[in-house]
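Everything below concerns the one structure shown next.
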Amino acid sequence: VFAVSVSAQRDDELAYADKVEDLCQGRPPNEYFRLTTEGDCRDVVRCDRAGIAGTIRLASVKCPSGLAFDLERQTCDWKASVNNCDRLSKPRLAKPNLHTVEPVCPDGQLQCGSGECIAREFFCNSRDDCQDGSDENVCRGDEDPNKSDVCNPAECFLPDCFCSADGTSAPGIAEGVLEIANVPMMITINFNGAVNDDNMRELYNKLFHIERINPNGCTAKGTFFVSHKYTNYSAVQELHRKGHEIGVFSITNDEDPKYWTDGSYDTWLAEMAGDRLIIERFANITDGTVVGVRAPYLLVGGNEQFNMMTDQFFAYDSSISAPLSSVPIWPYTLHYRMPHKCHGNAQNCPSRSHPIWEMPINELDRRDDPEFDENLTGCHLVSSCSNIYHKDQFRQLLQHNFDRHYGTNKAPLSLSFDPSWLLANTGFNDVIDDWMTHVLSTYTDVYFVTELQVIQWMQNPTSTASLRDFAEWKENCAVQGQPHCRLPNACPLETRELPGETHRLHTCLDCPKNYPWIQDPTGDGFSF
């Protein structure tokens, strides 16, 4: 009887092992999935090959109470936000057979997952040319069969094209025009989101006052990526008047990650070109300087986003983060392949060639003591550095990362903030205010400039000794005078796109008929 029970147990173990093998067949080791759709949607497993003798086992994870596991995003979230509790796993996409031992297709063709051969150029053209659609499932990053070439300095020349093998070379150095000691250290302070009276009064006017002077005699400048809802356009107009740069950050700021990463050309057109139309009209910006894009949540939209940007004459994107490394990355154009990996969970970086500048956000080293602390992952936005709680930590973060850039290749230091984070952490606005004063009083080759001014310098690399006469940085050098209007119109407006909501639109111009939104960015009632 005992022998029979042992044999039955062994059979059960073998059957379970076979079942696990079937479940894990072709499944990535970092993908979580459900064993059942019953229950509270909190339990998931993944395939772990670290078992005894390399056997596969299921490693389980359980979300905290009140949360559910989102299969699409592969993370725990509030249960009301998860809409795939009725599914066991992420949908499996058919893949083409791009790497075969022997050629199976004629030259210039590749094999679909369903077996037939099609021309290479049909891959990733936004049409299903394979029977199983597999030609449209390898379009991100290095998967794309038609991805752009690696950097070729022999064919890439300023002012229109810039690249280097690993992305760390400053312009002018390889050509012998400049030495690194003569390259200015550029710091870009960027803010994402709505511009309103509170952050103007408590933050922007404090950081960018008339007495904060760069070494060329011009005031320090910043870049503001403006989203639409809750923005005061008379304040945007004032920032622009003072020489700051205005960029776009979308109309809706939609919270669904796939809305951005899988967004169509038309989605990106409506969100970004529409946002620019709203900004230019209601902040009365007529000089064509709104040319920069930052994607909400830094969720890049792949080739669709950059095709739209090219067609709409946007000059640069600043949404892609570069992984924390010992030497930071300089901005580059996307004529050639990105010089660093596409960083971030489910990120959709462009794979094709685009005549667009990328202003990468070099991740920040957030360790309290970089000499002794354990390795921590970097953070892209300063306001996403989750371990920074105290003023002295914040000051250390700013100074240490400045030293990293200044002491290596002087790649521009991007300090990007959600303004509410600076205001919510008591005293943090004083810390960055004091730090900016310290930097400008200590160094004669450090400049607080806009993203566009960084591009202008890179297109015409100029020694620090000659920057006082660098014409591109002298425009709107030290603007004084009064705002265009002290009492803007506070237009109470509605739109059919947001039923039941009334929004105030503050502008120095006349009020539109409707609240501008995605299908009606002018507020005139016409579709975009």
Side-chain angles (χ1 to χ4, degrees), residues 6-63 67-77 82-105 109-118 120 122-124 128-145 147 257-258 261-262 302 341-342 344-349 351:
V6 169
S7 176
Q9 179 181 347
R10 179 65 179 156
D11 289 344
D12 288 344
E13 289 174 354
L14 290 171
Y16 176 76
D18 289 342
K19 184 178 180 184
V20 171
E21 280 284 356
D22 290 341
L23 282 170
C24 295
Q25 183 71 35
R27 194 185 295 273
N30 59 348
E31 180 190 320
Y32 288 93
F33 58 98
R34 304 188 216 285
L35 295 175
T36 177
T37 56
E38 298 177 0
D40 53 12
C41 199
R42 293 166 58 196
D43 296 281
V44 287
V45 295
R46 67 173 178 84
C47 300
D48 182 5
R49 297 182 182 275
I52 299 171
T55 57
I56 303 177
R57 61 188 181 188
L58 297 180
S60 61
V61 167
K62 191 182 188 84
C63 292
L67 303 184
F69 193 85
D70 189 328
L71 292 172
E72 290 286 353
R73 296 170 53 219
Q74 292 284 291
T75 187
C76 296
D77 199 353
V82 178
N83 59 10
N84 48 49
C85 288
D86 58 341
R87 297 213 313 261
L88 292 176
S89 64
K90 292 173 68 173
R92 311 303 289 275
L93 298 175
K95 297 281 187 173
N97 301 316
L98 299 182
H99 308 290
T100 55
V101 178
E102 297 290 336
V104 294
C105 295
Q109 295 189 3
L110 297 170
Q111 188 180 41
C112 302
S114 43
E116 72 274 24
C117 295
I118 64 169
R120 174 188 289 269
F122 289 169
F123 278 75
C124 303
D128 289 342
D129 295 292
C130 291
Q131 292 177 19
D132 58 1
S134 57
D135 55 308
E136 298 304 309
N137 295 336
V138 285
C139 301
R140 295 193 178 191
D142 287 339
E143 284 187 320
D144 187 348
K147 59 181 175 285
K258 293 179 77 66
T261 55
D262 295 347
K341 72 175 184 177
C342 184
N345 187 30
Q347 189 67 288
N348 185 11
C349 295
S351 59

To the nearest 0.5 Å, how far apart are [atom1] in [X] and [atom2] in [Y]?
| X | Y | atom1 | atom2 | result |
| --- | --- | --- | --- | --- |
| Leu23 | Lys19 | CG | NZ | 6.5 Å |
| Asp86 | Glu38 | CG | CD | 13.0 Å |
| Lys147 | Ser351 | NZ | OG | 9.0 Å |
| Asn348 | Cys342 | CG | SG | 7.0 Å |

Quick one: are [X] and [Y] in side-chain contact, heavy atoms under 4.5 Å?
| X | Y | answer |
| --- | --- | --- |
| Glu116 | Cys130 | yes |
| Leu58 | Leu35 | yes |
| Phe123 | Ile118 | yes |
| Val45 | Ser60 | yes |
| Val138 | Pro145 | yes |
| Phe69 | Gln74 | yes |
| Arg46 | Glu31 | no |
| Tyr32 | Leu71 | no |

>> Strictly distance-based, threshold 3.5 Å: is any side-chain N or O of Arg42 a donor or acceptor partner for the main-chain N or O of Lys62?
In response: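 No, Arg42 side chain to Lys62 backbone: no donor-acceptor pair under 3.5 Å.
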
>> Using only atom types and a distance under 3.5 Å, with no angle test, would you say the side chain of Ser134 pairs donor to acceptor with the backbone of Gly113?
In response: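 Present.
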
> Do the cysteine sulfurs of Cys47 and Cys24 sit under 2.5 angstrom from one another?
Replying inline: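 Cys47 pairs with Cys24 as a disulfide (SG atoms under 2.5 Å apart), so yes.
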
Just list the side-chain donor-acceptor pairs under 3.5 Å for residues 92-100, sequence neighbours left out, or say none.
{"unit_1": "Arg92", "atom_1": "NH2", "unit_2": "Gly26", "atom_2": "O", "d": "2.8"}
{"unit_1": "Lys95", "atom_1": "NZ", "unit_2": "Asn137", "atom_2": "O", "d": "3.0"}
{"unit_1": "Lys95", "atom_1": "NZ", "unit_2": "Glu143", "atom_2": "OE2", "d": "3.2"}
{"unit_1": "Asn97", "atom_1": "ND2", "unit_2": "Gln111", "atom_2": "OE1", "d": "3.1"}
{"unit_1": "Asn97", "atom_1": "ND2", "unit_2": "Cys112", "atom_2": "O", "d": "3.4"}
{"unit_1": "Thr100", "atom_1": "OG1", "unit_2": "Glu102", "atom_2": "O", "d": "2.8"}

>> Quick one, Cys63 with Cys41, criterion disulfide bond (SG atoms under 2.5 Å apart). Give me CA distance, side-chain angles, the key distance, then yes/no.
In response: CA-CA 8 Å; Cys63 292; Cys41 199; over 6 Å; no

>> Between Lys258 and Glu72, does any side-chain N to carboxylate O distance fall below 4.0 Å?
In response: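 Salt bridge flag = yes for Glu72 with Lys258.
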
>> What I want to find out is whether Arg140 reaches Asp144 closely enough, with some N-O distance under 4.0 Å, to be called a salt bridge.
In response: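 No, no charged N to carboxylate O under 4.0 Å.
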
>> Using every non-hydrogen atom in the two residues, find where Cys117 and Gln109 come nearest and quote the distance to one decimal.
In response: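 Smallest heavy-atom distance, with atoms named: CB-OE1, 3.3 Å.
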
> Where do Ala59 and Asp48 come nearest, in terms of heavy atoms and distance?
Replying inline: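 Taking Ala59 first and Asp48 second, the nearest heavy atoms are CB-CB, 4.1 Å.
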
> Is Lys341 atom NZ crowded by more than 12 heavy atoms from other residues, nucleotides or ligands, each under 6.0 Å away?
Replying inline: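 Check fails, neighbour count at 12 or below.
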
>> Could you walk me through whether Glu21 and Ile56 satisfy the side chain to side chain contact (heavy atoms under 4.5 Å, CB included) test, starting with their C-alpha distance in whole Å, then the side-chain angles of each, then the deciding distance to 0.1 Å, before giving a yes or no?
In response: CA-CA 7 Å; Glu21 280 284 356; Ile56 303 177; 3.7 Å; yes

>> Would you say Asn84 and Asp70 are linked by a side-chain donor-acceptor pair, where the criterion is simply a distance under 3.5 Å?
In response: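 Yes, side-chain donor-acceptor contact under 3.5 Å.
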
> Do we get Arg27 above Phe33's six-membered ring, with its NZ or CZ under 6.0 Å from the centre and within 45° of the axis?
Replying inline: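 Yes, a cation-pi geometry.
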
